[in-house]
Protein chains: 2
Amino acid sequence: MSQQIEKKPKQNKPSYHHGDLRSTLLNAANVLLKETGIESLSLRKLADKVGVSRTAPYHHFKDKNQLLCAIAEQGFVHWQQDAELIFNQTGLRPKEQYRQFFHGYISYAADNPELYDLMFGRTIWKQNSATNALRDVAYPSFHYQVGMTKKWQQQGLMPSGEDTLRLSQVTWGTMHGIARLLIDGIYADRSHIDEMCDCAINLFTLQISV
Amino acid sequence: MSQQIEKKPKQNKPSYHHGDLRSTLLNAANVLLKETGIESLSLRKLADKVGVSRTAPYHHFKDKNQLLCAIAEQGFVHWQQDAELIFNQTGLRPKEQYRQFFHGYISYAADNPELYDLMFGRTIWKQNSATNALRDVAYPSFHYQVGMTKKWQQQGLMPSGEDTLRLSQVTWGTMHGIARLLIDGIYADRSHIDEMCDCAINLFTLQISV
DNA sequence: AGCATATGTTGACGCTGTCAAGATAACAAA
DNA sequence: TTTGTTATCTTGACAGCGTCAACATATGCT
C-alpha cells in the first residue's frame with residue numbers, strides 16, 4: 001500500500017519506469033479526445049504528451065483498439081451512474097422520470113460527443129473489435145434500459161400493447177438518432193434539441209398517463 | 001459530342017491522358033467503398049485500381065474530402081429518386097405509404113451501409129467540409145421530407161398538434177437512429193429490424209387513421 | 001546475489017494524404 | 001501549320017500514422 005502511494009507522485013525525478021503509465025495514458029487520452037477529437041487522437045501524440053516513447057503504451061494496451069475500448073468502458077460506467085441517479089430518484093412521476101432520462105441521455109452525448117461516438121460508434125462495434133471488458137459493461141446498460149421500459153409500460157406511461165424489447169429498441173433508437181444527428185454536425189443547432197426531445201416524449205407516452 | 005463518344009472507350013490503347021478519369025474514379029470508388037469499407041478506401045489504392053499514378057486524382061478532386069463529397073452526392077440523388085417513387089405512387093393509403101417510406105429508408109441504409117455513413121456521417125458533416133454541390137442536393141432532401149410530414153399530418157395520419165418541423169426531425173431521427181445502430185454493428189441482427197420499424201410506425205401514427 | 005519479468009527505449013517498415021517539379025498531350029490562336 | 005497555353009498525368013519527396021523487432025533498464029522473487 002505505502003509503496004503504491006510512494007510510487008505514484010514521482011514529482012521531480014523522472015525515472016526509467018513511469019510507475020502508473022496505464023491510468024496516466026487513459027486520463028491523457030480522455031483529455032486529447034475531448035480537445036482534438038477522435039480523428040486526431042494518435043498513440044504517438046498521446047505518448048508524447050505523457051512524456052514516454054512511442055511504443056511504451058504497447059506494454060499496457062495490445063493495440064490502439066484496446067486503448068479505445070478502455071476509454072469507452074469508462075464512459076459506460078459514468079453514463080450508467082448518471083442514469084441510475086435518475087432512476088433511483090424517489091417521488092418522481094413516471095413521465096417526469098422519463099423526461100429526465102431522455103434529456104439526460106442527449107445531454108450526455110452533447111457534452112461528450114467524441115466519447116459518445118466511441119461508445120456507440122462503428123469504430124469499435126462495426127469490426128467486432130470490442131473487448132470483453134467493454135462488453136461486460138455495455139450489455140448490462142442496454143438490459144437495464146429494457147427493464148425500465150417494461151416498468152414504464154406497467155405504470156401506464158407507455159403503450160403496453162407493444163413488445164417491450166421492440167419498444168425499448170425504438171425509443172433508444174430515437175434517442176441515439178437525435179444524439180448522432182447532433183454530434184455529427186447535421187443538427188448543428190443545439191437550441192432546438194430540447195423541443196425535439198419533448199416532441200418525441202409526447203409521441204412515446206400515452207396522453208392519459210400518470 | 002462525337003468527340004466525347006470517341007474519347008471514352010479507349011479500349012486497347014492506354015494513352016497518357018485517361019480521357020474520363022473523374023467518373024472512372026467515382027465508379028471505382030463506389031465499388032471499393034462497398035467492398036472494403038470507408039476505412040480502407042485510400043486514394044492510392046483507388047488510383048492503383050484504376051491504373052493511374054497516386055497523384056492523378058488530384059487533378060479532378062482537390063483532396064480526398066472532395067472525392068468523398070462527390071460520392072455522397074451521388075448517393076443523395078439516388079436516394080431521393082427512390083423516395084419519390086414511393087411518394088408519387090397513386091392509390092396508396094397514407095399509412096401504407098409511410099410504411100413503405102420507413103422500411104425503404106432502412107433498407108437503403110442496410111443495403112449501402114458505407115455509402116449511408118458517408119451521406120449522413122460525421123466524416124463529412126462534422127468538420128463542415130461538405131461541398132456546396134453536396135449541400136445543394138442534401139438540403140432539399142431534408143425539406144422534401146418535412147413537406148411529406150406536413151401532408152401526413154393534414155391527412156390525419158400523424159398528430160396535427162405537434163410542430164411539423166419538430167415532428168419530422170423526430171421521425172427522421174428515429175429512422176436515422178435505427179439505421180445507424182444497424183450499420184454500425186450494434187443491432188447486429190437484421191432479422192428484427194422490420195418489427196422495430198413497424199413498432200415505430202405504430203407509435204408515430206394515430207390509431208384512428210386513414 | 002542472481003535471475004525472471006515487467007516496463008521502457010530506439011530503429012525500421014509499410015501505409016497514408018499531399019505538395020513540388022517535370023513530362024506529355026490537347027487545344028486555341030496566329 | 002506552327003506556336004504557345006492549358007489540362008492532365010508522372011515521379012520524387014515529406015511528415016504522420018500503427019506496429020513489430022531488438023535492446024536497455026528497473027523491479028521483485030528465490
Side-chain angles (χ1 to χ4, degrees), chain A residues 1-10 13-26 28-29 32-33 36-71 118 123-124 127 129 131, chain B residues 1-10 13-26 28-29 32-33 36-71 118 123-124 127 129 131:
Chain A
M1 263 306 179
S2 63
Q3 300 171 349
Q4 253 189 338
I5 297 175
E6 272 189 279
K7 245 187 276 174
K8 275 184 189 174
K10 298 236 174 202
K13 198 182 122 206
S15 65
Y16 191 86
H17 281 60
H18 181 281
D20 196 15
L21 185 54
R22 194 191 138 94
S23 64
T24 305
L25 282 170
L26 269 179
L32 266 183
L33 189 69
T36 71
I38 195 180
E39 207 65 18
S40 66
L41 172 64
S42 75
L43 286 184
R44 295 172 101 110
K45 267 189 265 182
L46 178 60
D48 193 55
K49 185 136 190 167
V50 167
V52 294
S53 72
R54 314 154 245 140
T55 56
Y58 282 87
H59 290 274
H60 300 272
F61 302 97
K62 201 197 111 214
D63 52 19
K64 189 179 183 179
N65 178 68
Q66 291 232 354
L67 199 235
L68 297 181
C69 283
I71 300 173
L118 215 49
T123 310
I124 287 179
Q127 272 78 25
S129 59
T131 310
Chain B
M1 258 306 179
S2 62
Q3 300 170 351
Q4 252 188 341
I5 297 176
E6 271 189 277
K7 244 187 278 174
K8 275 185 190 173
K10 300 235 173 201
K13 195 181 126 207
S15 65
Y16 190 86
H17 281 59
H18 182 281
D20 196 15
L21 185 53
R22 194 192 137 95
S23 65
T24 305
L25 283 170
L26 269 179
L32 265 183
L33 189 69
T36 71
I38 194 180
E39 208 64 19
S40 65
L41 173 64
S42 75
L43 286 185
R44 296 172 102 108
K45 267 189 266 181
L46 179 60
D48 193 55
K49 184 136 191 167
V50 167
V52 293
S53 73
R54 314 154 247 142
T55 57
Y58 282 88
H59 291 272
H60 301 272
F61 302 97
K62 202 196 111 213
D63 52 19
K64 188 178 183 181
N65 178 67
Q66 291 232 354
L67 200 236
L68 296 181
C69 284
I71 299 174
L118 215 49
T123 310
I124 287 179
Q127 272 80 22
S129 60
T131 311

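Convention: sequence-line order gives letters A, B, ...; per-chain numbering from 1.
Listed for the K64(B) side chain is no donor-acceptor partner under 3.5 Å among the backbone atoms of S42(B). A donor-acceptor pair is defined here as one N or O able to donate and one able to accept, closer than 3.5 Å; such a pair exists between the side chain of S129(B) and the backbone of I124(B). For the pair D63(A) (side chain) and Q66(A) (backbone), a donor-acceptor distance under 3.5 Å is present. In this structure, the side chain of K49(A) does not engage the main chain of A28(A) through any donor-acceptor pair within 3.5 Å.
Distance D20(B) CG to dT8(D) P: 11 Å, rounded to the nearest Å. Here the P atom of nucleotide dA21(C) and the OH atom of Y58(B) are 17 Å apart, to the nearest Å. Spacing between atom CG of L25(B) and atom P of dC9(D) amounts to 9 Å, rounded to whole angstrom units. Summarising the geometry, the separation between NZ on K62(A) and P on dC20(D) is reported as 8 Å, rounded to the nearest angstrom. For the pair E39(A) CD and dT16(C) C1', the computed distance is 13 Å after rounding to whole Å. Atom CZ in F61(B) sits about 13 Å away from atom P in dT18(C), given to the nearest Å. Rounding to whole angstrom units, CG of residue D63(A) and C1' of dC20(D) are separated by 12 Å. Between the C1' atom of dG16(D) and the CZ atom of R44(A) lies a distance of 7 Å, rounded to the nearest Å.
The side chain of K64(B) has dG17(C) as its nearest neighbour among dT11(D), dG17(C), dT10(C). Distance from the side chain of S53(B) is smallest for dT11(D) among the nucleotides dT9(C), dT11(D), dT8(D). Taking only side-chain atoms of T55(A), from C-beta outward, the nucleotide of dC9(D), dG17(C), dT19(D) with the closest atom is dT19(D). The side chain of H59(B) approaches dT8(D) more closely than any other nucleotide in the set dT18(C), dT9(C), dT8(D).
Contact between the side-chain N/O atoms of H60(B) and the OP1/OP2 oxygens of dC9(D) is found at a separation under 4.0 Å. Applying the 4.0 Å criterion to OP1 and OP2 of dT16(C), one finds that S42(B) has a side-chain N or O inside that range.
Closest approach of I71(B) and A29(B) over heavy atoms only: CD1-CB, 3.6 Å.
Under 3.5 Å, the side chain of R54(A) and the base of dG16(D) form no donor-acceptor pair of N or O atoms.
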